[in-house]
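All remarks here apply to the structure that follows.
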Amino acid sequence: RMKEMSADNLSSKQLFDEGNEFLINDNYDDAINCYGQAIEKSGVEELDLLCEIYLARSHAFYKLKKGPEALNDAVKAQEIRPDEPKGFLRRGMALFSLERFEEALKQFNEGNKRDAGLKKNLFTDWISKCEAKLPPPPPTPQPAKPIVEEEVHAQPAEPAKPPTVK
């Protein structure tokens, strides 16, 4: 459809919808192109839409294994709407793709706290993936036992022998 219409005549919302069509059909490069044009066209009064565009483009970059670009767009979306759970999801996924598992885990945990339940399993799945990549937490240190005098010497002291007189 996009080829028939000039992008100049489309609103940022129409370009966003066009990009979503490409994204659904795994056509990530064209999706990224549409999202980029939608970002250029969106006005300051369209901040919610702009956030959605950045989140969608972040996902398309992630699908193309472009972690730095995915992370960049997720961060921009979070700057616009800091409490949007999907921002934490996209940023966590980008960090995970960059093998920054600890940072990713923090994002997924934060998003999980803010999420109203729409994406709960998504967050818990990603949390599990991160935990599988991270070393297990160190064992809880046991309180030190007081050293008992007998334990200090491995062998009992032999009683002193009286000196032998010749």
Side-chain angles (χ1 to χ4, degrees), residues 1-140:
R1 277 186 356 207
M2 176 112 184
K3 310 273 183 283
E4 299 160 23
M5 303 170 77
S6 164
D8 298 339
N9 302 332
L10 298 178
S11 70
S12 54
K13 174 78 171 95
Q14 288 169 316
L15 286 162
F16 174 60
D17 292 341
E18 227 18 84
N20 288 341
E21 281 296 312
F22 286 125
L23 187 66
I24 290 164
N25 293 304
D26 301 337
N27 191 339
Y28 305 118
D29 290 310
D30 284 339
I32 288 166
N33 184 28
C34 281
Y35 295 143
Q37 292 178 49
I39 288 165
E40 286 172 28
K41 283 205 165 187
S42 62
V44 284
E45 72 286 347
E46 294 180 290
L47 279 183
D48 282 349
L49 175 63
L50 189 59
C51 178
E52 287 300 320
I53 299 168
Y54 278 123
L55 290 171
R57 194 171 73 170
S58 173
H59 190 57
F61 279 132
Y62 169 82
K63 289 290 200 176
L64 290 173
K65 298 185 173 18
K66 293 185 175 183
E69 293 90 341
L71 180 60
N72 191 32
D73 276 0
V75 169
K76 286 179 182 170
Q78 285 185 312
E79 286 167 0
I80 298 168
R81 285 209 321 244
D83 285 325
E84 168 57 48
K86 205 190 284 184
F88 292 97
L89 182 67
R90 295 288 177 241
R91 187 170 182 171
M93 289 167 67
L95 288 164
F96 188 91
S97 75
L98 296 169
E99 297 186 14
R100 290 162 60 181
F101 304 119
E102 245 171 84
E103 293 170 80
L105 182 60
K106 283 181 188 148
Q107 290 296 315
F108 295 132
N109 280 322
E110 279 303 308
N112 203 21
K113 278 186 223 164
R114 288 171 171 77
D115 190 51
L118 299 170
K119 299 172 203 70
K120 274 284 187 251
N121 335 352
L122 256 180
F123 283 113
T124 51
D125 288 351
W126 278 105
I127 288 166
S128 300
K129 286 180 189 179
C130 287
E131 287 170 345
K133 295 281 187 183
L134 291 168
T140 313

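Taking the side-chain contact (heavy atoms from CB on, under 4.5 Å) definition, one finds that Ser42 meets it with Ser12, Glu46, Leu50, sequence neighbours left out. Residues meeting the side-chain hydrogen bond (donor to acceptor under 3.5 Å, both in side chains) test with Asn25, sequence neighbours left out: none. In terms of the side-chain hydrogen bond (donor to acceptor under 3.5 Å, both in side chains) criterion, Asn72 has no residue partners (sequence neighbours excluded). The side-chain hydrogen bond (donor to acceptor under 3.5 Å, both in side chains) check on Asn109 picks up nothing, with sequence neighbours excluded. For the side-chain hydrogen bond (donor to acceptor under 3.5 Å, both in side chains) test, residues two or more places apart in sequence or in another chain that qualify with Lys13 are Asp17. Partners of Phe108 according to the ring-ring contact (aromatic ring centres under 6.0 Å, His included) rule, which considers only residues two or more places apart in sequence or in another chain, are Trp126. In this structure, the side-chain contact (heavy atoms from CB on, under 4.5 Å) partners of Ala77, at least two apart in sequence or on a different chain, are Cys51, Tyr54, Leu55. Qualifying salt bridge (charged side-chain N to carboxylate O under 4.0 Å, His left out) partners for Glu69, counting only residues two or more places apart in sequence or in other chains: none. For Asp83, the salt bridge (charged side-chain N to carboxylate O under 4.0 Å, His left out) partners are Arg114, not counting sequence neighbours.
Side-chain atoms of Tyr35 come within 3.5 Å of backbone atoms of Asn20 as a donor-acceptor pair (strictly under, hydrogens ignored).
Using a cut-off of 4.0 Å between Lys/Arg side-chain N and Asp/Glu carboxylate O, Glu110 and Lys113 are scored as salt-bridged.
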Using distance only, find each side-chain donor-acceptor pair of residues 128-138 under 3.5 Å and give its atom names and separation, not counting sequence neighbours.
from   : atom 1 : to     : atom 2 : distance (Å)
Ser128 : OG     : Thr124 : O      : 3.0

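Here salt bridge (charged side-chain N to carboxylate O under 4.0 Å, His left out) pairs that include residues 47-62, with residues two or more places apart or in two chains, are Asp48-Arg81, Glu52-Arg81, Glu52-Lys86, Arg57-Asp73.
Taking the six-membered ring where the residue is Trp, the centroids of Phe22 and Tyr28 are separated by 6.0 Å or more.
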